[in-house]
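Written out below as C-alpha cells is the structure these notes cover.
Atoms within each ligand, like the ligands themselves, are counted from 1 in listed order. Remember, it's a predicted structure, so these values are computed and weren't measured experimentally.
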Amino acid sequence: MDRILAPSILAADFNVLGEQIKVCADKGAKYLHFDVMDGMFVPNISFGLPVLASIQGKEDLVMDVHLMIEDPIRYVDKFCEAGADIVNVHYEACGNVQTVLDKIHGCGKKAGITIKPGTSAEVLIPYLGQAELFLVMSVEPGLGGQAFIPGALDKIRRLRALLEERGLDADVEVDGGVYHRNVRDVLEAGANVIVSGSSVFRGNIAENVSAFVEIFKDYE
Ligand code: DX5
Ligand code: ZN
C-alpha cells in the first residue's frame with residue numbers, strides 16, 4: 001500500500017501558490033488536498049472552482065477535493081470539470097450518499113466519503129465497496145492549525161479492519177492536526193493518505209515535505 005502525502009493548500013501563501021505547489025510536487029507529494037468551504041456546512045469560506053481550474057494540470061499531482069459544503073451533489077459536475085481527480089463529500093452533508101457517489105463515478109472520477117469527528121466509522125459500512133477513498137477527519141472541519149483529536153486513531157483502525165475483512169484496499173485518508181511528530185501513529189493505525197496543511201506550509205516547505213517522505217519509507 002502506497003503512503004501518500006496530500007498537502008492542504010489551505011495553509012499556503014496564495015500570493016505564491018503556484019511556486020509552493022511546485023515545491024510540494026518536486027519533493028515527493030503525490031496528491032494536492034483542496035479544501036472547499038461554503039460558510040454553511042462549516043463556519044468558514046475558503047476558495048473554489050476558479051482556483052482549482054487555475055492550478056490543475058500544472059504539476060503531476062492528483063487533485064484531492066474535499067467538499068465541506070451542504071448538499072454537495074449540486075457541485076459535483078462543476079468540480080469534476082474544473083479538474084478534481086478525487087471528490088470527497090461529507091457523509092453528514094449528503095441527502096442520499098449513494099446517489100452522490102454514482103454522480104461522481106458518472107463523471108469518471110474517484111469518490112471519497114468523509115466523516116466528521118463525531119460520526120462513527122460504522123455509518124460507512126454500506127458504502128465500503130462503493131468508494132475509492134474514506135476520509136477520517138481528526139479535527140472539526142472548517143479551520144486549519146487545530147490539534148489532532150486522538151479518537152481518530154481508533155476510527156482509522158476500525159475502518160481499515162472493516163475494509164480488510166471484505167478484501168478491499170481503498171485509501172484511508174486522515175485530515176487535521178497531523179505533524180511529523182504524530183504521523184507514525186496514523187500510519188500505524190492504517191491510514192495511507194496523509195493530509196497536512198500547517199506541517200507542510202509553515203516553515204521550509206521543501207524540508208517539511210521531504211521529512212514526511214522519509215518517514216513514509218519506513219512503511220514501504
Ligand atoms: C480542515 C481542513 C484541513 C486542514 C488541515 O477543515 O479539512 O484539510 O487544512 O490543516 P492542518 O494540517 O493545519 O490541521
Ligand atoms: Zn481537508
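- Each of the following atoms of ligand 1 lies closer than 4.0 Å to a heavy atom of G176: 14 (O).
- Under a 4.0 Å criterion applied to the non-hydrogen atoms of M137, ligand 1 contributes the atoms 7 (O).
- Considering backbone and side-chain atoms alike, S196 places every N or O at 3.5 Å or more from each N or O of ligand 1.
- Between the ND1 atom of H66 and the NE2 atom of H33, the angle taken at the Zn ion (ligand 2) works out to 100° after rounding to 10°.
- Checking only distances, P141 never comes within under 3.5 Å of ligand 1, N or O to N or O.
- Between E214 and K217 there is a salt bridge, since at least one side-chain N of the basic residue sits less than 4.0 Å from a carboxylate O of the acidic one.
- Residue-to-ligand polar distances place D175 within reach of ligand 1: an N/O pair is separated by less than 3.5 Å.
- Note: no N/O pair closer than 3.5 Å links Q146 and ligand 1 by distance alone.
- Contacts of L143 with ligand 1, taken as heavy-atom pairs under 4.0 Å, involve the backbone alone.
- Residue-to-ligand polar distances keep V139 apart from ligand 1: every N/O pair is separated by 3.5 Å or more.
- Note: an N/O pair closer than 3.5 Å links D35 and ligand 1 by distance alone.
- With respect to atom 13 (O) of ligand 1, the closest heavy atom belonging to the protein is S198 OG, 2.5 Å.
- When only interatomic distances are considered, the shortest N/O to N/O separation between G197 and ligand 1 falls below 3.5 Å.
- Not close to ligand 1: V178, with no non-hydrogen atom less than 4.0 angstrom away.
- Here the angle centred on the Zn ion (ligand 2), running from OD1 of D35 over to OD2 of D175, is 170°, rounded to 10°.
- Salt-bridge formation is not detected for the pair D64/K110: no Lys NZ or Arg NE/NH1/NH2 atom is positioned less than 4.0 Å from an Asp or Glu carboxylate oxygen.
- The residues D218 and R184 are annotated as salt-bridged, a charged nitrogen and a carboxylate oxygen being separated by less than 4.0 angstrom.
- The shortest heavy-atom distance from A11 to ligand 1 is not under 4.0 Å.
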